[in-house]
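I have placed the structure first, in the form of structure tokens, so that the comments after it can refer back to it.
Note that these values count all heavy atoms, side chains included, but never hydrogens, waters or copies made by symmetry. The structure displayed is predicted, hence computed values, not measured ones. Remember, it's 1-based here, ligands and their atoms both numbered in the order they're listed.
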Amino acid sequence: MQKGKDLAGFLQETTTADITRLLLSIADGTRTLSHAVRNLGVLNLGGSMDVTNIQGETVQKLDDFSNNVLMELCKASGVCAGYLSEENEDIVTLDPNGGYVVAIDPLDGSANIDIAAPVGTIFSIHERLSPVGGPVNHGDFLQHGHRVVAAGYALYGSSTILVFSTGAGTHMFSLDADDNHYYKSHTDVMIPGNGKIYSLNQGNLSKFEPVAQQFIEWCVSHDKETSRPYSLRYIGSMVGDMHRTFIKGGVFLYPAAKGEKRGKLRLLYECIPMAYITEQAGGKAINGAERILDIQPTELHERCAIIIGCKDMVGKYEEFAQAVAAV
Ligand code: P6P
């Protein structure tokens with residue numbers, strides 16, 4: 001069977017040499033993590049460390065391993081000036097002569113590691129704003145999502161799939177287990193419209209903002225014309241739930257809790273990268289009130305509510321939100 005174009009060839013044809021170098025470095029890291037996820041017991045990478053990260057979460061061994069692998073490879077790329085990770089309290093200057101900064105969740109969904117459910121890596125890349133040759137600063141990272149130069153995720157599931165955009169559509173590359181190379185499997189992905197799937201932690205429904213409750217009530221009510229009730233699918237790993245959304249359509253939600261503006265997921269290295277590739281795939285991503293890519297970040301690890309997926313379902317959520325706001 002004819003394989004798709006390899007990742008290096010595709011990047012050389014579609015983006016700059018520096019972005020190619022950085023994306024290939026991150027891709028190298030995802031190959032190492034793919035192997036680690038599949039060989040957890042053998043590599044003694046299962047379970048947790050006696051460490052709590054900035055998020056107040058117990059650090060899984062694989063979280064720490066993933067963060068170190070990706071940070072070293074970003075540094076080795078020669079174009080990455082700075083690195084912000086869910087696992088690090090503050091930013092890190094890697095190569096003062098680099099022109100870009102990376103914001104990353106090295107291993108998203110790590111609670112799923114020990115049950116062999118899908119986990120992933122989520123990343124976004126901005127051009128640095130601070131002078132080349134010196135250290136990076138917070139301003140390099142606190143940039144609008146619409147200024148992203150590249151973003152994406154790697155899914156470590158039944159396959160390892162790298163999904164990314166450099167601003168010219170969203171593309172998917174599958175890792176060939178035989179030669180450990182990425183080959184293009186989907187070009188110019190478009191999220192299917194008229195979704196019939198909603199994805200959120202239903203157990204938290206009573207805690208979410210009233211608009212979310214109204215929207216879910218609409219999703220589960222009977223209406224033949226719009227094929228409702230819709231189906232609930234929830235993996236509890238953003239990368240897994242978003243990959244299904246790219247392939248089958250639907251909407252993923254982690255709304256704000258009642259009385260809150262922000263949700264659980266992190267703006268810089270979960271919501272912005274997912275919003276960027278979703279819009280490149282014809283979808284939509286809001287925090288309930290505004291476009292995710294238009295939010296001005298103010299803190300490195302700030303949280304954000306997110307409703308993301310096919311335009312029609314996100315648009316329906318907006319209708320409910322506008323009706324509530326009009327009261
Ligand atoms: P909950 C995983 O911990 C994560 O950050 C995302 O990958 C996932 O979508 C979400 O949290 C799950 O959160 O509260 O439903 O367990």
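- Between Asp108 and Glu270 the shortest side-chain heavy-atom distance falls below 4.5 Å.
- Around ligand 1, the residues contributing at least one heavy atom under 4.0 Å from the ligand are Asp108, Gly109, Asn201, Tyr234, Gly236, Ser237, Met238, Phe252, Tyr254, Lys264, Leu265, Glu270.
- Figure legend: Lys316 and Phe320 shown as a cation-pi pair, the cationic atom lying under 6.0 angstrom from the six-membered ring centre and within 45 degrees of its axis.
- Using a 4.5 Å heavy-atom threshold, the side chains of Val324 and Glu209 count as separate.
- A salt bridge links Asp176 to Lys3: at least one charged side-chain nitrogen sits closer than 4.0 Å to a carboxylate oxygen.
- Ion pairing of Glu260 with Arg303 is absent here, as no side-chain N (NZ or NE/NH1/NH2) approaches a carboxylate O to less than 4.0 Å.
- Sorted by first then second residue, the ring-ring contact (aromatic ring centres under 6.0 Å, His included) pairs that include residues 3-52, not counting sequence neighbours, are Phe10-His171, Phe10-Phe173.
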